[in-house]
Each structure stands twice: as structure tokens, then as C-alpha cells.
There are 2 protein chains.
Amino acid sequence: MPTPSRAKRPARPRRKTYHHGDLKRALRDAATRLLAERGGDGLTLREAARLVGVNHAAAYRHFADKRALLAAVAEEGYAALARRMRDADAGTARADVAERLRRIGTAYVEFARAEPALFGLMTGPRLNEDGRFPAVEQALQQGVDALEAPLRDGQAAGVLRAASIEGQALTLLTLIHGYAALVLTRRIHVKPARIGEYLGTLLEPLLRGLSR
Amino acid sequence: MPTPSRAKRPARPRRKTYHHGDLKRALRDAATRLLAERGGDGLTLREAARLVGVNHAAAYRHFADKRALLAAVAEEGYAALARRMRDADAGTARADVAERLRRIGTAYVEFARAEPALFGLMTGPRLNEDGRFPAVEQALQQGVDALEAPLRDGQAAGVLRAASIEGQALTLLTLIHGYAALVLTRRIHVKPARIGEYLGTLLEPLLRGLSR
DNA sequence: ACCTGAACACCGTTCAAGT
DNA sequence: ACCTGAACACCGTTCAAGT
């Protein structure tokens, strides 16, 4: 069998000494890729090192243990999630508040659906049960922030009750997160095409309660 | 050192042949205990077999693999959770609807706090990503059911809008679950003594929106 | 300073063999 | 039918040793 093009594994320039590369970032990126391609159980410290072409023990020079590597992956994930939420509200200044909030929430759920293993890591139980990675805890705040712009506009326009923006944002995010978690674990069954629509149904009574 | 009372590990009657015992149940119970005592990473198929006093390979006669054992543990957990939710609404028929719903929701969150590893298994990403255990998916319905009694009473009394009871219950559970998940993973910081109180704050606008 | 090689104590899973 | 023993292919973590 003659060797065809070998589309996969495109002949990485594998130096013999990795002495200068940014191994920390390389390991984190490899771990992120593993998570996306093979799911939560496929993310292995040894396999990430293998992908980078380095001895697995070298990872311990840059991460205290496997969980520290996972935390780094999760942090990056939170940044990406917040970006998607902000993007969902870009250029929609004229849409009404309910619609804007629904779009931001849909971005949250769609992120979870597009990257289920990453989302599972970010929000799952294993990562931070002992509070070792405060950065991960605070990362969600960026997402809460994304909800605040439409809430502020809504209060200014007089359609929303005057109340703590942060409180309103947290209430909304709690519902959105619960929805994402339940959809992802198949506790709520919604057709993929209807995910945003059903979120609107869930948000409706809450927004009515937040209105004046 | 003379042997004192040895309060722990009360000399289980360990037969040499396990041929008759209900090994399936014994393994499931041991796994549940491991989860409670050592957390998610401490739950090992081999260790569960060790606790029961049986060769670990024997587990494969009763469970297809480790995940099947985890699913059995999770199912039992859902039954316990639903029981707590129903108990929280027992003998409170005269309390108002909002208060009853808040109590049921608090039972949900307190269960999660009391059994964090079990709750993490039940709701976490690892268990059922491929839909292999439909029983686990449906188990949450028992919890949703517990919310329906107060909702029915509220609609009958005319304080709640006439609408799908199931829809209202699912909306409430989504918010409650999101709250439990975020509290458990330290994304929301609430003092333990204030957990039920803050749930009330979260539920308030939603219930206002569900009211006529 | 950064990485390798080898070792340690574990896993989940499989399978022939025992009773 | 149900369980044991031994093996296999993996892990995460540690540590002396190399450059």
C-alpha cells in the first residue's frame, strides 16, 4: 500500500529540544483539543503531552497537577463563552430588551451544545469543589456582565423595574444556566432548532416579573 | 495498644462464598457510600468490590461497566431527592404558594449541599452524555411532579395564571436547578444559612410573572 | 532551568479457570 | 450461574538523572 497524502497529522515541526517553546500554552491547547475531539474521558495529561511531543512528566514543570491543567482549559473556555454572549448582543441595540436577553441566553446554551465536554468541565463538579481555582469562580462574572447592558437599557427606558442590575442579571443567568445544564444532560428534551425559542418561553414569565 | 471498641467498621459477617447475597445491591450501596465519604474521584469499581469483600471482576456479572454502576447509584439518588422535595411540602397545605415552592426548592438545594458528590454524579456531564440510561433522564420528572401540587392549588385559588402546570413546574425547576448547580460550584456565594432565603429572592420575580 | 526515563501505585476491562 | 486469578493497557504522580 503506497503512502497517500496522509491528510491527518500534518508533520508538525517537532524539534528535538522543546527548550524554548511555550510549553504551558501548548499543553493547554492540546488539552482543549482533546476535550473537543474525544470528550471528557479522553482528556489525559499523558495524551496531551504526547500530542505536543513531550514527555508527560514535563507537564509538572508548568502545572501542579492535572486539575491545574483542567482549570487553565476552563478559564479559556469562560473567556470564549463571555465573548459569544457579548457578540450576541452586538449591533442589536434597537431590539427590545426581552429579545436581546433571549439572544444572549441562547448564545450561552449554544456554546454548551457546541462544546459539551468543555462546558461540562467548566461547570461540572470535579474542577473546583475545594475552591482551589478562584479565577474559575470569577470567570462567570464576565457572562453576567454581558446581561447587564440590556438590563440597564430596559431600566432607562422604563420597561424594567428599577432594581439591582446585578441581582436581575444573576437571576437571569441562573435560569439560563439551569436550562443549558438540563438540556445538555437530556433532562429537558428540545429539538436543537427550537432551543432558543424554548428559552424565550422560559424567560417570559421571569421578564414579566421583572417589568413594571 | 489494646483493642478498644472499634466503633467503625463493625465486623461485617463476611462469608467466604457470596453465592447467595444480593451482590448487585451490595455493590450499588458500597458505591453510594464511597461517593459520600470520599467524593467523586474516590468512587472506584475496584474499591466498591473491596468494601463488599468480593473480587472486582465479579461486578461485571451485574453491571455492564462502571458507568452502569454509576447510573444505578444516580437513580437511587433521584428517588431520594424526590422524596425530600415531597417531604418539604408535607403538612404545609395552608402556607401560601410562594412559600411552599420556596421550601420545595430549598429541599432541592439542601440535598445538593448535603450530598455534593452524589448530586454531581446525578447532574454531571459524565453519566449520560450518550443517552444510555433513559431511567436517569426520566428520574428528574419525580422532582418536577413535586412542584405541581402547589401550582395546582395556586391556580385553583386564582393567584396563579391559568397555564400549563407542567410548563410552570419545569420553569421553576430550571431556576432551582441552576441555583443549586451554581451554589455548589461556588459560582454564586451565599452563606449556608441564607441559601433558602436567597432562593426566595430569585423566585420572587418569576412567581410575580406567573401570577395573574 | 527545563526536560527525560524509569518507577510506583493505582485504574477499568477481559477471560480462562474454578466451584 | 456466579465468582476468582491473572493479565492487559492504560492512568496520575514522583524523582533521580541528563542537558
Side-chain angles (χ1 to χ4, degrees), chain A residues 12-31 34-35 37-74 117 121 124 126-130 132-133, chain B residues 12-31 34-35 37-74 117 121 124 126-130 132-133:
Chain A
R12 222 171 299 117
R14 189 171 298 184
R15 300 163 197 82
K16 281 208 187 78
T17 77
Y18 212 97
H19 243 346
H20 55 305
D22 190 347
L23 183 51
K24 183 164 188 175
R25 175 189 299 267
L27 285 169
R28 193 196 55 190
D29 291 350
L34 273 173
L35 207 50
E37 291 173 5
R38 305 194 201 173
D41 294 329
L43 171 41
T44 279
L45 195 145
R46 288 174 105 113
E47 182 68 16
R50 238 172 262 136
L51 279 179
V52 173
V54 90
N55 187 288
H56 60 270
Y60 288 88
R61 189 67 45 176
H62 300 96
F63 299 99
D65 51 23
K66 188 189 179 182
R67 287 178 61 207
L69 172 60
L70 296 182
V73 172
L121 170 68
R126 292 300 172 75
L127 187 60
N128 196 30
E129 359 187 49
D130 50 3
R132 234 183 81 194
F133 306 104
Chain B
R12 222 171 300 118
R14 189 170 301 186
R15 300 161 197 83
K16 280 207 189 76
T17 78
Y18 213 96
H19 244 346
H20 55 307
D22 190 348
L23 182 53
K24 182 164 189 174
R25 173 188 301 269
L27 285 169
R28 192 196 56 189
D29 292 350
L34 272 173
L35 206 51
E37 291 172 4
R38 305 193 202 173
D41 294 328
L43 170 42
T44 277
L45 195 148
R46 287 175 107 113
E47 181 68 17
R50 238 172 262 137
L51 280 179
V52 173
V54 89
N55 187 288
H56 61 271
Y60 288 86
R61 189 68 44 177
H62 299 95
F63 299 99
D65 52 20
K66 188 189 179 181
R67 287 178 61 206
L69 172 60
L70 296 182
V73 171
L121 171 67
R126 294 297 172 78
L127 187 58
N128 197 31
E129 1 186 48
D130 50 4
R132 235 182 81 194
F133 306 104

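In this text, all values refer to a predicted model and were calculated from it rather than measured experimentally. By convention in this document, chain letters (A, B, ...) are assigned in the order of the sequence lines, proteins followed by strands, and residues within each chain are numbered from 1.
Base pairing analysis places D:dT14 opposite C:dA6; the two distances defining the Watson-Crick or G-U wobble pair are each below 3.5 Å. Within the shown strands, C:dA1 is the pairing partner of D:dT19 under the Watson-Crick or G-U definition, both distances less than 3.5 Å.
Rounding to whole angstrom units, CD of residue B:E47 and C1' of C:dG12 are separated by 14 Å. Atoms NE2 (A:H56) and C1' (C:dA7) sit 10 Å apart, rounded to a whole Å. Remark: P of D:dC2 and OH of B:Y60 are 18 Å apart, rounded to the nearest angstrom. Following rounding to the nearest Å, B:R50 (CZ) and C:dC10 (C1') show an atom-to-atom distance of 9 Å. A:R61 places its CZ atom 16 Å from the P atom of D:dG18, with the value rounded to the nearest Å. Across the protein-nucleic acid pair, B:R38 atom CZ and C:dC11 atom P stand 9 Å apart, rounded to whole Å. Between the P atom of C:dT4 and the CG atom of A:L45 lies a distance of 13 Å, rounded to the nearest Å. The CG-P distance, from B:N55 to C:dA16, rounds to 16 Å in whole Å.
Side chain of A:A57, nearest nucleotide from C:dG12, D:dG12, D:dC15: D:dC15. Considering only the side chain of A:V54, C:dT4 comes nearest among C:dG12, D:dG12, C:dT4.
The base of D:dG12 lies outside donor-acceptor range of the side chain of A:D65, with no N or O pair under 3.5 Å.
The residue among B:A58 and A:R67 whose nearest nucleotide of DNA chain D is located toward the 5' end is B:A58.
Looking at heavy atoms from C-beta onward, A:T44 lies out of side-chain contact with A:L34 at the 4.5 angstrom threshold. For the pair A:D65 and A:R132, the minimum side-chain heavy-atom distance is below 4.5 Å. Side-chain contact between B:L51 and B:D29 is absent, with no heavy-atom pair separated by less than 4.5 Å. Within the 4.5 Å cutoff, side-chain heavy atoms of B:L45 are placed close to those of B:Y60.
The pair B:D130-B:R67 meets the salt-bridge criterion, with a side-chain N (NZ, NE, NH1 or NH2) lying under 4.0 Å from an Asp/Glu carboxylate O.
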